[in-house]
Structure formats: C-alpha cells, structure tokens
Amino acid sequence: MTTIAYRDGILAVDSRSTRGNTIVPGACAKLVRMKDGSVATGCGTKGNIAAFIRWLDDGKEGKPPKLDKSTIVHLQADGRVFEYWDENPVETTGPFEAWGSGADFALGCLWAGLSAEEAVRAACKCDSGSGEPVFTMRVEVPSPAPCKPKKKRK
C-alpha cells in the first residue's frame, strides 16, 4: 500500500508502512538514489521491493528477485520512467503517471495539473494505505543541445 506519482522529472511517494491492517508508526523511507543517479521506489511488499532495487542497482547481475504482486518504478538518470512487475521493464511514455493503492486519486490530481508531490499529498487524504509525510527525488535530465540557426543561402 503506497502512492507513487511522477511528473516533470520528479518521483513523489508517501511514507506510510502497514502490516496487514495495522499502520506501522513512523515514516518509512521509500525512495532510493541509485549509484548512477537514477531514483527507484516501489509499492507492495517491502522485502521484495528492496531486493529488486538492489538487483537493479547492482547492474541486474544474477537472477532477479521475485516481485510477486509488487511494482517497481525506476526514474532513470536520462529522465525515462520504467515500471517493473518482473525483470522485463515497461516504459511509461506519458507526461505523468501514478501507481499504488492511491494511484486513482493521484492520477486525477495529475490530470488537473498538480505536481507529483501535491498529487501524493492529496491521495494521502483519501487512501488508507498512504500517509504523510511525502518525499520527493528529482533526476537532473540534461538539456538537449541548443539548435543552431541555419545559415542563409545566397
């Protein structure tokens, strides 16, 4: 149970952790800055998520850990976003996206123009599986080289 939202190079995620129907006290850090500068998080079972993110960070060495019903979201250093349900990534191609138990609430907020952080914060008000504080991480996507004006022909 988690809400994750992406927009404009930023991943936002809530910090609630649950065990069954019980809310675990305190904030759970769910965002991981990878060795290459990318950012990863997930929704589902903490142990499965942590093992899979370690596998990604180690260069996908060896057999991938099972995710079962967990989802990994990986915001790469180049700004592309991939989701994993198994070892085969699926690229998210839209300008924004949301995942987890509060995804429907967050997605509506993203469609209305809110930031990733605002969308997760709003989802925390509606989804019992998500709670504040909300944490964010950004990847600095390199700007494309500026276009040079074409020379006029004589």
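Residue numbers start at 1 and run along the sequence shown. Just so it is clear, the model here is predicted, and its values are computed rather than measured.
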Which atom of [X] lies closest to which atom of [Y], heavy atoms considered:
X      : Y      : value
Pro64  : Phe52  : CB-CE1, 4.2 Å
Ala5   : Leu110 : CB-CD1, 4.1 Å
Cys109 : Ala122 : SG-CB, 3.5 Å
Cys28  : Ser17  : CB-CB, 3.9 Å
Ala123 : Gly102 : CB-O, 3.7 Å
Ile4   : Cys43  : CD1-N, 4.0 Å

> Going by the salt bridge (Lys or Arg N to Asp or Glu O under 4.0 Å) test, which pairs reach into residues 9-35, not counting sequence neighbours?
Replying inline: Asp14-Lys30, Lys35-Asp58
Are [X] and [Y] packed together at the side-chain level, in the sense that at least one heavy-atom pair is separated by less than 4.5 angstrom?
X      : Y     : answer
Ser38  : Leu75 : no
Thr2   : Val13 : yes
Cys124 : Thr3  : no
Glu87  : Trp55 : yes
Leu31  : Leu11 : yes

>> Go through it in stages, so that I can follow the logic: the residues are Asp68 and Lys66, the test is salt bridge (charged side-chain N to carboxylate O under 4.0 Å, His left out), and I'd like the CA-CA distance, side-chain angles, deciding distance and then a yes or no.
In response: CA-CA 6 Å; Asp68 294 323; Lys66 292 206 181 290; over 6 Å; no
> Which residues satisfy the ring-ring contact (aromatic ring centres under 6.0 Å, His included) test with Trp85, sequence neighbours excluded?
Replying inline: none
> Of all residues at least two apart in sequence or in a different chain, which pass the ring-ring contact (aromatic ring centres under 6.0 Å, His included) check with Tyr6?
Replying inline: none
>> Applying side-chain contact (heavy atoms from CB on, under 4.5 Å) to Arg80 and His74, what does each step give before you reach the verdict?
In response: CA-CA 8 Å; Arg80 295 184 305 153; His74 185 202; over 6 Å; no
>> Within a 6.0 Å radius of atom CG on Asn21, are there more than 12 heavy atoms belonging to other residues, nucleotides or ligands?
In response: no
> Under 6.0 Å from the CE atom of Met1, do we count more than 12 heavy atoms belonging to anything else shown?
Replying inline: no
> According to a 4.5 Å side-chain heavy-atom criterion applied to Ile, Leu, Val, Met, Phe, Trp and Tyr, with indirect links allowed, do Leu56 and Val32 form part of one hydrophobic cluster?
Replying inline: yes
>> Ile49: which residues meet the side chain to side chain contact (heavy atoms under 4.5 Å, CB included) condition with it, sequence neighbours left out?
In response: Ile53, Ser70, Ile72
> Does Thr92 have any side chain to side chain contact (heavy atoms under 4.5 Å, CB included) partners at least two apart in sequence or in another chain, and if so, which?
Replying inline: Val81, Glu83, Glu97, Trp99
> Per the side-chain contact (heavy atoms from CB on, under 4.5 Å) rule, which among Leu114, Asp8, Leu107, Ile10 passes with Phe96?
Replying inline: Leu107
> Roughly how far, to the nearest 0.5 Å, is NZ of Lys69 from CG of Asn48?
Replying inline: 12.0 Å
>> Ser115: which residues meet the side chain to side chain donor-acceptor pair (under 3.5 Å) condition with it, sequence neighbours left out?
In response: Glu118
